[in-house]
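What follows is a single structure, written as structure tokens, with notes after it.
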Amino acid sequence: MYATDAVGIGEAFDARVVTDEVKTLEQRVEDLEAWKRSVPDELDRRDQQLTTRLETRLQSDLEATRQSVQTQLIQVREYLQGALQKATVSYRGPAALLVGVLVGTAANFVALTSG
């Protein structure tokens with residue numbers, strides 16, 4: 001995928017037209033001006049492609065993180081409900097587990113926003 005993009009970028013910014021025919025200076029200038037007019041549209045198209053790719057990847061990463069957090073919270077809830085039924089069980093373990101889940105969630109969020 002990257003090689004294709006690199007070739008496309010090279011073509012988009014290459015004002016030369018490779019042909020066997022001999023062109024006059026006016027024809028060359030006309031070709032150059034036509035190419036110059038096409039550059040903003042090509043940049044807009046590439047910007048839209050990149051934005052779409054990034055949005056898709058971010059949504060995928062956010063959904064994976066949401067699923068992970070949801071699963072962890074369900075497991076913590078089940079653990080706490082089972083632990084609360086026993087009067088002799090200390091609350092330190094579940095509290096430490098919950099803090100670990102929250103720290104892991106925060107780390108995932110920081111990784112998503114910085115990466």
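On a predicted model such as this, the values are computed, not experimentally measured, just so you know. All heavy atoms count here, side chains included; hydrogens, waters and symmetry mates do not.
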For the atom pair OG1 (Thr24) and CD (Gln27), what is the distance rounded to the nearest 0.5 Å? 3.5 Å
Please name the pair of heavy atoms, one in Lys23 and one in Arg28, separated by the smallest distance, quoted to 0.1 Å. O-NE, 3.6 Å
Hey, could you give me the CD/CG distance between Gln49 and Leu54, rounded to the nearest 0.5 Å? 11.5 Å
Contacts of type side chain to side chain donor-acceptor pair (under 3.5 Å), residue Thr52, not counting sequence neighbours: Gln48
Looking just at side-chain N and O atoms, do Gln59 and Glu55 make a donor-acceptor pair shorter than 3.5 Å? no
Residues passing the side chain to side chain donor-acceptor pair (under 3.5 Å) test with Gln70, sequence neighbours excluded, are Arg66
Kindly write out the residues that satisfy side chain to side chain contact (heavy atoms under 4.5 Å, CB included) with Val69, not counting sequence neighbours, or none if the list is empty. Thr65, Leu73, Thr105
Under the rule for salt bridge (charged side-chain N to carboxylate O under 4.0 Å, His left out), what residues qualify as partners of Arg45, not counting sequence neighbours? Glu42
Joint cluster assignment, Leu97 & Leu102, ILVMFWY side-chain distance < 4.5 Å: yes
Apply side chain to side chain contact (heavy atoms under 4.5 Å, CB included) to Val29 and list each qualifying residue two or more places apart in sequence or on a separate chain. Leu25, Glu33
Using the side-chain contact (heavy atoms from CB on, under 4.5 Å) rule, take Lys36 and Leu32 through it: C-alpha gap first, then chi angles, then the decisive distance, then the call. CA-CA 6 Å; Lys36 188 177 170 184; Leu32 182 60; 5.6 Å; no
Only counting residues at least two apart or in another chain, list the ones meeting side chain to side chain contact (heavy atoms under 4.5 Å, CB included) with Leu58. Leu62
List for me each residue that meets side chain to side chain contact (heavy atoms under 4.5 Å, CB included) alongside Thr71, sequence neighbours excluded, and say none if there are none. Gln75
